[in-house]
Amino acid sequence: LAEEIGIHLGDGFLSSNKSDYRVKGHKIDEKDYYDKFIGPLMKIIYNLDVNIKNYSDTYGFEVYSQALSSFKINVLKIKPGRKDDIKVPEIILNGDINIITAFLRGIFDTDCNLNFASKYGYKSYYPNISIYQSSEYLIKDLKYLLDLLSLRPSIYKDKRYKGFTIS
């Protein structure tokens with residue numbers, strides 16, 4: 001469940017009034033991930049057979065379920081609508097190391113970037129993992145969780161977009 005919450009905060013959208021839950025990603029790069037992992041995960045956690053398919057420029061699924069929507073909003077306390085001010089749910093922030101790492105795996109699998117920077121005189125040597133989000137609350141919560149794991153990420157306001165990056 002923790003990993004699915006991370007997937008939700010990364011690639012998901014929860015409608016505030018239509019009981020609509022969507023998870024969509026890159027239609028080529030993430031196809032196997034959706035087919036082989038996210039689809040079966042939805043079956044295991046929610047007993048839902050999701051119809052994963054191509055959309056105009058994404059790949060994923062849409063589910064219309066009042067029960068799922070109610071669970072996510074009322075039990076998990078995930079804010080529906082735009083994710084501009086979304087936070088990591090308390091159930092994750094107060095979770096043990098297994099819950100925290102599962103959540104981070106979900107959000108990093110869907111929204112993370114990996115590149116190799118030149119450093120110390122070596123070309124494309126230094127790995128840099130980063131994630132961009134429009135919600136400052138979410139970025140600060142992610143930093144808190146990464147700090148718990150003894151990682152020391154940096155946060156900066158991303159000038160290219162109206163949001164924040166952590167790396």
Hey, quick one: are L114 and L149 part of the same hydrophobic cluster, counting side-chain heavy atoms closer than 4.5 Å, chains of contacts allowed? yes
Minimum heavy-atom separation for K83 to H8, with atom names? NZ-O, 3.8 Å
Test log, rule side chain to side chain contact (heavy atoms under 4.5 Å, CB included), inputs I97 and L148: CA-CA 9 Å; I97 193 78; L148 287 177; over 6 Å; no
Within the 3.5 Å criterion, strictly below it, is a donor on N113 or Y132 matched to an acceptor on the partner's side chain? no
Do you know the tightest heavy-atom contact between Y21 and E4? OH-OE2, 2.5 Å
Any link between V23 and Y64 through a network of hydrophobic side chains (Ile, Leu, Val, Met, Phe, Trp, Tyr) touching at under 4.5 Å? no
Which heavy atom of V50 sits nearest a heavy atom of M42, and at what distance? CG1-CB, 4.1 Å
Could you check I78 against I86 for side chain to side chain contact (heavy atoms under 4.5 Å, CB included), going step by step and ending with a plain yes or no? CA-CA 8 Å; I78 297 174; I86 200 163; 4.1 Å; yes
Could you check whether atom NZ of K140 has more than 12 heavy atoms from other residues, nucleotides or ligands sitting under 6.0 Å from it? no
Charged N to carboxylate O under 4.0 angstrom, E62 versus K24? yes
Separation between NZ (K79) and CG (L14), nearest 0.5 Å, reads 10.5 Å
Identify the two heavy atoms, one from Y59 and one from K27, that lie closest to each other, and give their separation to 0.1 Å. CB-CA, 3.4 Å
Do you reckon V63 sits in the same ILVMFWY cluster as I5, going by side-chain contacts under 4.5 Å, direct or chained? yes
Smallest heavy-atom separation, I38 atom then F61 atom, equals CG2-CE2, 3.7 Å
Using the ring-ring contact (aromatic ring centres under 6.0 Å, His included) criterion, which residues pair with Y33? Sequence neighbours excluded. F37
In one Ile/Leu/Val/Met/Phe/Trp/Tyr side-chain cluster, 4.5 Å: I166, Y144: yes
Quick check for you: to the nearest 0.5 Å, what is the distance between I131 atom CD1 and I139 atom CD1? 6.0 Å
Looking at G25, is its backbone amide N or carbonyl O close enough to the side chain of Y34 to form a donor-acceptor pair, meaning the two atoms are under 3.5 Å apart? yes
Are K43 and D49 ion-paired here, with the side-chain N under 4.0 Å from a carboxylate O? yes
From CG (L138) to CG (D84), nearest 0.5 Å: 11.0 Å
Please check if atom CD1 in I91 has more than 12 non-hydrogen atoms from other residues, nucleotides or ligands closer than 6.0 Å. no
Do you know the tightest heavy-atom contact between Y156 and S167? CE2-OG, 4.1 Å
With the side chain counted from C-beta on, respond yes when I92 and L145 share a heavy-atom pair under 4.5 Å apart, and no when they do not. yes
Is I73 reachable from Y137 through a run of hydrophobic residues whose side-chain heavy atoms are each under 4.5 Å from the next? no
Considering only heavy atoms from C-beta outward, does the side chain of D141 approach that of S135 to under 4.5 Å? no
